[in-house]
Novice: 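Pasting a structure here, questions to come.
Residue numbering restarts at 1 for every chain, and letters A, B, ... go by the order of the sequence lines. In this text, all values refer to a predicted model and were calculated from it rather than measured experimentally. Hydrogens, waters and symmetry mates are skipped; everything else that's a heavy atom, side chains included, is used.
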Protein chains: 2
Amino acid sequence: MLTERQLLILQVIIDDFIQSAQPVGSRTISKKDNVSYSSATIRNEMADLEELGFLEKTHSSSGRVPSEKGYRFYVDHLMSPFNLSGQEKTFVKQAFNHQMVEFEQVVQQSARVLSELTNYTSIILGPEVYETKLKQLQIIPLSQISAVAILVTDTGHVEHRSFTIPVEIKPADLEKMVNILNERLNGVPIIYLHHKLNTEIAELLKKHTSEFEKAYQYLRAALFDEQPAKLYVGGKTNILMQPEFRDIDKVRTLYSMIEEETEIAHLLRHNSTDIKVSIGTENEVNAMKDLSIITGSYSIGDTQLGTIALLGPTRMEYSKVISLLSLLSDRMTETFHSWYQKGSTGE
Amino acid sequence: MLTERQLLILQVIIDDFIQSAQPVGSRTISKKDNVSYSSATIRNEMADLEELGFLEKTHSSSGRVPSEKGYRFYVDHLMSPFNLSGQEKTFVKQAFNHQMVEFEQVVQQSARVLSELTNYTSIILGPEVYETKLKQLQIIPLSQISAVAILVTDTGHVEHRSFTIPVEIKPADLEKMVNILNERLNGVPIIYLHHKLNTEIAELLKKHTSEFEKAYQYLRAALFDEQPAKLYVGGKTNILMQPEFRDIDKVRTLYSMIEEETEIAHLLRHNSTDIKVSIGTENEVNAMKDLSIITGSYSIGDTQLGTIALLGPTRMEYSKVISLLSLLSDRMTETFHSWYQKGSTGE
DNA sequence: TTTAGCACTCGCAATTAAAGAGTGCTAACA
DNA sequence: TGTTAGCACTCTTTAATTGCGAGTGCTAAA
């Protein structure tokens with residue numbers, strides 16, 4: 001549809017704007033090394049590109065700015081692949097050289113790396129617990145009337161809840177029950193836990209006294225209330241350095257959204273292993289209309305654990321961010337893999 | 001030192017400024033109901049108060065603004081006690097009526113209440129784990145080569161760490177060791193754990209094979225690396241509504257500080273049970289020079305668990321904040337107390 | 001001792017003017 | 001016919017000017 005020349009010009013304009021954050025004029029473009037047309041020619045092409053919806057003007061006589069459509073086209077067809085600098089590669093490497101033994105550590109390091117190398121805000125969605133399998137259930141009494149229930153998954157994730165023990169239940173009974181549960185539930189995907197608990201196990205427990213019934217209810221409440229997936233945010237202040245965030249009100253709406261968690265979690269979660277780019281209003285949330293989100297994922301084996309994302313202005317260094325995100329996503333997956341599958345853990 | 005009239009005027013000025021955030025002029029004051037002097041008289045007194053260092057001018061011909069010394073004097077001598085409105089009391093009550101079974105829940109609710117009722121940012125410092133006692137240690141193997149260690153304290157706090165099992169250690173040995181440790185360490189304050197481990201227990205373990213020695217090292221590393229106290233922040237965006245935070249740069253320095261955690265944790269931690277007010281530069285950190293911090297504490301029995309604080313501009317509703325903070329601090333302490341001491345838990 | 005009155009100081013908002021960046025269009029050119 | 005030089009025009013940005021109002025400090029009178 002577009003001519004070679006138009007493609008070139010569009011690309012150069014967007015590249016320049018991503019760098020400068022300033023509307024770019026025809027003369028600026030004509031001076032670039034890889035462009036050999038006069039400013040007048042560029043002007044004509046720009047007018048056409050604007051008519052086609054790829055560019056916009058901020059006011060009637062000023063340089064052009066990429067439109068959302070322009071960015072979309074850029075990301076899909078124009079963007080030149082980004083080569084991470086040696087420095088950047090080393091930075092990532094070092095972060096993962098750290099002796100890391102814990103899930104949270106890895107996630108936090110990754111979030112940090114992402115935000116430091118990009119100057120955008122990184123958000124990592126913790127694992128959807130429901131996709132992992134139960135390893136062990138523990139009830140540890142704290143006093144006569146309270147106990148803490150601990151649930152460990154095969155990925156080493158630990159969930160815990162304190163609860164009060166109803167007086168009619170004897171500690172010994174509780175223990176017996178936990179034993180039964182452990183026996184029957186080991187290895188069951190958390191996602192089926194609830195179901196299995198309600199059918200098989202409920203049957204089994206009914207054979208025992210009514211006290212079991214009561215205790216079981218407590219346990220269920222303590223363990224299976226919905227646990228929202230955890231959000232790890234890095235470099236929240238980075239975005240304040242972007243010129244598009246000079247406006248306090250914008251900052252506030254964005255931060256409120258991040259603080260509130262559920263909406264953004266919903267926005268980020270995605271199930272493909274590809275990297276996905278959502279530009280501006282493509283996010284379908286008003287607060288995001290000037291922002292882009294790039295999401296990737298990390299996994300253990302075939303189980304996809306969570307989402308890793310970068311949040312920045314629509315004027316984003318897409319190419320760099322995409323390279324970096326896919327690098328980090330791989331590194332995370334590798335690390336987790338080495339822990340739970342092979343055995344050659346970094347020690 | 002100051003005359004009655006000066007006290008009155010100073011108080012009224014500060015009260016007004018806390019409300020309006022605008023420099024207050026002599027006429028504004030003379031119009032107040034409880035002030036019966038003409039603007040000229042007020043002007044003279046203001047000039048004196050300025051000379052004494054309690055007030056400042058933003059420029060040569062504008063109303064006065066309280067100085068840091070002014071606020072300090074206000075907090076110490078002038079402030080009138082604040083009566084929480086019925087609405088506010090209900091709000092707090094409702095928040096604590098929720099059936100709460102977990103430490104984190106209580107803390108998060110409290111942080112939320114504080115920030116919502118004040119429109120400032122609340123920060124709660126999690127318990128210093130080292131002040132609580134060990135309840136139980138658990139090692140749960142995940143695979144041939146990895147396991148997760150879980151440490152439960154008597155306050156229901158759960159710490160966990162994944163680690164890799166060195167090949168030379170057999171699962172059975174590990175279990176035996178955990179048993180020994182549990183037997184010997186139950187009820188030991190976490191703060192002594194390290195010491196006790198190094199002396200008594202080390203002795204005990206040395207009697208067994210060298211493999212114990214090795215395993216013990218791993219365990220220690222996994223469990224007793226320093227765990228920074230957790231920070232719960234509520235209403236981070238509230239502060240953006242304060243007129244003194246129109247300036248993005250200020251916002252950035254503050255947020256960076258909160259994000260970085262250690263410095264602010266150090267700033268907040270305090271050991272008295274009183275409420276402490278730190279105004280502006282009294283905080284001895286440059287980023288805090290226009291901010292005040294009010295801190296209180298919460299505890300279980302005699303063990304002080306953590307710090308609860310509010311962060312706002314020096315132009316803060318000190319009186320309200322102090323009432324609220326002490327209310328919340330009591331409520332938290334009560335709640336925890338009811339869990340672990342008496343037995344009349346809210347169920 | 002208090003207060004009325006008045007000249008004076010600043011900051012702020014609105015107005016105007018000039019400069020500069022960039023466009024669109026026309027006409028000339030290869 | 002596609003490209004480019006030239007020029008008038010548009011619109012933003014910045015600085016300078018002005019007037020207004022809030023507030024002060026001082027003086028003199030009550």
Novice: Determine whether any donor atom in the side chain of A/R27 lies under 3.5 Å from an acceptor atom in the base of C/dG20, or the reverse, and answer yes or no.
Specialist: no
Novice: Choosing from C/dT23, D/dG23, D/dA5, which nucleotide comes nearest the side chain of A/A40?
Specialist: D/dA5
Novice: Both B/S60 and B/S36 contact DNA chain C. Taking the nearest nucleotide for each, which residue is further toward the 5' end?
Specialist: B/S36
Novice: What I want to check is whether an N or O donor and acceptor connect the side chain of B/S61 with the base of D/dT24 at under 3.5 Å.
Specialist: no
Novice: Hey, is NZ on B/K57 packed in by over 12 heavy atoms from elsewhere, all under 6.0 Å?
Specialist: yes
Novice: So which of A/T253, A/I279, A/I264 actually passes side chain to side chain contact (heavy atoms under 4.5 Å, CB included) with A/M288?
Specialist: A/I264
Novice: Closer than 4.0 Å, any side-chain N/O of A/R5 to the OP1 or OP2 of D/dT3?
Specialist: yes
Novice: Mind running ring-ring contact (aromatic ring centres under 6.0 Å, His included) on A/Y255 and B/Y255 for me, showing each step along the way?
Specialist: CA-CA 11 Å; A/Y255 277 17; B/Y255 277 17; 5.4 Å; yes
Novice: Less than 4.0 angstrom between a side-chain N/O of A/S38 and OP1 or OP2 of D/dT3, yes or no?
Specialist: no
Novice: What is the nucleic acid contact for B/T41, judged by heavy atoms within less than 4.0 Å: base, sugar-phosphate only, or nothing?
Specialist: base
Novice: When only distance counts, do a donor and an acceptor, one from the side chain of A/R64 and one from the base of C/dG24, lie under 3.5 Å apart?
Specialist: no
Novice: For B/K236 and A/E259, what are the C-alpha separation, side-chain angles and deciding distance, and is it a salt bridge (Lys or Arg N to Asp or Glu O under 4.0 Å)?
Specialist: CA-CA 8 Å; B/K236 227 177 298 186; A/E259 195 169 14; 5.9 Å; no
